[in-house]
Amino acid sequence: MADHDTAPKKLFIKTYGCQMNVYDSERMAEALGAQGYVTTEQADEADMVLLNTCHIREKAAEKVYSDLGRLRPLKEAKPELKIGVAGCVAQAEGAEILRRMPLVDLVVGPQSYHRLPEMTKAAEAGEKTVDTDFPLEDKFDHLARRPKAARGPTAFLTVQEGCDKFCAFCVVPYTRGAEVSRPVDRVLAEARDLVERGVREITLLGQNVNAYHGAGEGGDWGLGRLARELAKIDGLDRIRYTTSHPNDMDDELIAAHGELPELMPYLHLPVQSGSDRILKAMNRKHTAEQYLRLVERIRAARPDLVLTSDFIVGFPGETDEDFEATMQLVEAVGYGMAYSFKYSARPGTPAAEKAAVAAEVADERLQRLQALLTQQQRQVQDDMVGREVSVLFEKPGRLEGQMVGKSEHLHAVHVRHPAARPGVIGRVRITGSAPNSLAGDWVDG
Ligand code: SAH
Ligand code: SF4
Ligand code: F3S
């Protein structure tokens, strides 16, 4: 309980990595809220600093240590400051973090967040704790519920966690554990609660969100069926989901894209490489051709769907020919946007044992791939000019009088009109395309 004689304690959370961490950070802030912590945007006025970390690439993990180093003067000036490390680096390195960074008070892995309240109390009493267990209970059931405060128009909702795919390069199956889905009724209850608080768009999250198989009426439900049920909620106008694995796109989910107006015509479907040899070495369990056929089937269900992806260049053994196959796949699909990364060897993963591609070669490939992806992104955006889209407005833009929101295709759209306010969905005619956003004129609400 908060001590009413003193000012509330302040919590600063820094979030690295994927949207699942963003969601977890929100839930941790709410859980610690029940212990009297209010969030602050400034680390230097905090009583507790929590770093919610990412282990996906070496740079991401090392950033955490440099950020911890930068907290040292703060802790020296204010020894009662508590410092916690959560997320995937916490899971991967556990007690090693305390050895390397003695200023850290608690280390908590992603499946143990429901232990955070006790761990915080221990930290306040001067005790250091580490918890990286994979308990069987659902951590979200044990975290204090979100207060009934109003929310912005969009929200994340984690429905699935963990990954059983074991791609040869990836740490996620080790940091997040096996695939687990939250039961249907819990997801629906949380979605209804969000809608009551002003949310109009929900993005369902999972490391492999389309592997969702939550317990529901009559047995396990897939993501397509879950989306259908969510679409019935009055006031929930838009549904998105991320991230999907190609091998988990089942017929029901593909059909839902053709039938549910609430399911937005946007799909992040990472392929990583266009070379069958590399896909095999990556343990992706599908070929380039199978991916292309899948894209055709999804586009047949929803022709205006915008596709996005992730790519890794310089995976061990990648030849010029393999890389050209990736460029050809990109040409064949035509992406609305994509992330591309230089392969980073991660300790404990099978690929880390193999000889790396020369850094200059990988750099050059990354530049060529990014140039092609940027060109495609620009093309898809330019094609929107003259079209009418629906925009869910979220917040003021950088320029005076401007509002910014997202189209169905997740393009940021800037509009100037008195009716364009946060939470409003309006029809907008696109008039211009800039590198990362569109501009448009209000048509009607
Ligand atoms: N579960 C999701 C996201 C995984 S992490 C999926 O399967 O798509 C997000 C992206 O990071 C991956 O899609 C991959 O492109 C990239 N990534 C993962 N491990 C990596 C590594 N060791 N080096 C470089 N990029 C990596
Ligand atoms: Fe990592 Fe592959 Fe699982 Fe995605 S599907 S989280 S890339 S192991
Ligand atoms: Fe990073 Fe963990 Fe997400 S490694 S990408 S924070 S699942």
Side-chain angles (χ1 to χ4, degrees), residues 14-25 28 51-64 85-93 108-111 113 132 156 158 160-180 204-212 241-249 267-274 278-279 281-286 291 307-316 318 326 335 337-354 356-357 359 362 365-366 369-370 373:
K14 178 165 177 182
T15 307
Y16 311 67
C18 61
Q19 290 107 323
M20 306 206 47
N21 268 9
V22 174
Y23 176 85
D24 287 347
S25 289
M28 287 192 277
L51 305 184
N52 192 9
T53 63
C54 174
H55 201 241
I56 202 80
R57 284 168 290 275
E58 192 180 353
K59 265 198 198 130
E62 281 309 313
K63 179 102 189 17
V64 173
V85 179
C88 290
V89 175
Q91 188 63 43
E93 299 185 359
V108 60
Q111 304 312 323
Y113 292 154
T132 53
F156 290 139
T158 292
Q160 183 278 344
E161 286 207 80
C163 180
D164 298 339
K165 300 283 189 291
F166 291 92
C167 299
F169 49 81
C170 184
V171 293
V172 171
Y174 311 96
T175 62
R176 294 277 175 164
E179 286 178 5
V180 182
L204 306 174
L205 298 180
Q207 264 93 25
N208 260 310
V209 71
N210 58 343
Y212 179 81
Y241 59 94
T242 200
T243 292
S244 300
H245 191 287
N247 290 354
D248 290 318
M249 283 307 297
L267 179 61
H268 186 58
L269 194 64
V271 65
Q272 314 298 351
S273 167
I278 294 299
L279 285 168
M282 286 176 163
N283 195 31
R284 291 291 292 184
K285 298 202 172 81
H286 62 76
Y291 181 85
L307 269 168
T308 66
S309 181
D310 295 339
F311 292 92
I312 294 178
V313 302
F315 185 80
E318 185 186 71
T326 298
Y335 287 102
M337 203 274 300
Y339 298 100
S340 45
F341 310 100
K342 211 163 44 154
Y343 168 73
S344 167
R346 307 306 292 129
T349 60
E353 309 293 313
K354 306 220 182 107
V357 167
R365 288 178 188 163
L366 187 64
L369 177 60
Q370 286 182 342
L373 291 168

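Indexing begins at 1, ligand by ligand and atom by atom, following the structure's order.
Two residues are said to be in side-chain contact when any heavy atoms from C-beta on lie closer than 4.5 Å; Thr53 and Gln91 fail this criterion. Taking the side chain as every heavy atom from C-beta outward, Cys54 and Cys88 never approach each other to under 4.5 Å. Side-chain atoms of Met282 and Ile312, non-hydrogen and from C-beta on, do get closer than 4.5 Å to each other.
Residue-environment remark: CZ (Phe166) exceeds the threshold of 12 foreign heavy atoms within 6.0 Å. Other residues, nucleotides and ligands place no more than 12 heavy atoms under 6.0 Å from the NZ atom of Lys59.
Nearest to atom 4 (C) of ligand 1 among the protein's heavy atoms is Ile56 CD1, 4.6 Å. Atom 14 (C) of ligand 1 has Gln272 OE1, 3.4 Å as its closest protein atom, hydrogens excluded (heavy atom only). The protein non-hydrogen atom at the shortest distance from atom 7 (S) of ligand 3 is Gln207 NE2, 3.2 Å. Considering only non-hydrogen protein atoms, atom 11 (O) of ligand 1 sits nearest to Arg57 NH1, 3.1 Å. In this structure, the protein non-hydrogen atom closest to atom 7 (O) of ligand 1 is Arg284 NH1, 4.0 Å. Scanning the protein for heavy atoms near atom 8 (O) of ligand 1, the closest one is Pro270 CG, 3.1 Å. Shortest contact from atom 3 (C) of ligand 1 to any protein heavy atom: Thr243 CG2, 4.4 Å.
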*Apply side chain to side chain contact (heavy atoms under 4.5 Å, CB included) to the pair Val85 and Glu93, showing each step before the final yes or no.*
CA-CA 10 Å; Val85 179; Glu93 299 185 359; over 6 Å; no
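Interface atoms of ligand 2 facing Phe169, defined by a heavy-atom separation under 4.0 Å, are 7 (S). The contact set between ligand 1 and Gln207, taken as ligand atoms under 4.0 Å from a residue heavy atom, comprises 1 (N), 2 (C).
Using a non-hydrogen distance threshold of 4.0 Å, Val172 does not register as a contact of ligand 1. For Arg284, the closest heavy-atom approach to ligand 2 falls below 4.0 Å.
The distance between the ring centers of Phe341 and Phe315 does not fall below 6.0 angstrom.
Judged by distance alone, the side chains of Glu58 and Ser344 never bring a donor and an acceptor atom under 3.5 Å apart.
Remark: ligand 1 and Asn208 share no N or O pair separated by less than 3.5 Å (distance only, no angle test). Residue Asp310 has at least one nitrogen or oxygen atom sitting less than 3.5 Å from a nitrogen or oxygen atom of ligand 1, judged on distance alone. In terms of N/O distances under 3.5 Å, ligand 1 is not approached by Tyr343.
Below 30°, between 30° and 60°, or above 60°: for Tyr291 and Tyr335 the angle between ring planes is between 30° and 60°, a tilted geometry.
Protein N, O or S atom count below 2.8 Å of atom 3 (Fe) of ligand 2: the structure gives 1. Legend: protein N/O/S atoms lying under 2.8 Å from atom 1 (Fe) of ligand 3, waters omitted, number 1.
No salt bridge links Asp310 with Arg57; every basic N to acidic carboxylate O contact stays at or beyond 4.0 Å.
At a 4.0 Å heavy-atom cut-off, ligand 1 touches Phe169 through backbone and side chain alike. Residue-level proximity to ligand 1 for Ser344 is carried by backbone and side chain together, each with a heavy atom below 4.0 angstrom.
When the heavy-atom distances from atom 24 (C) of ligand 1 to Arg346, Lys342, Met282 are ranked, the shortest goes to Lys342.
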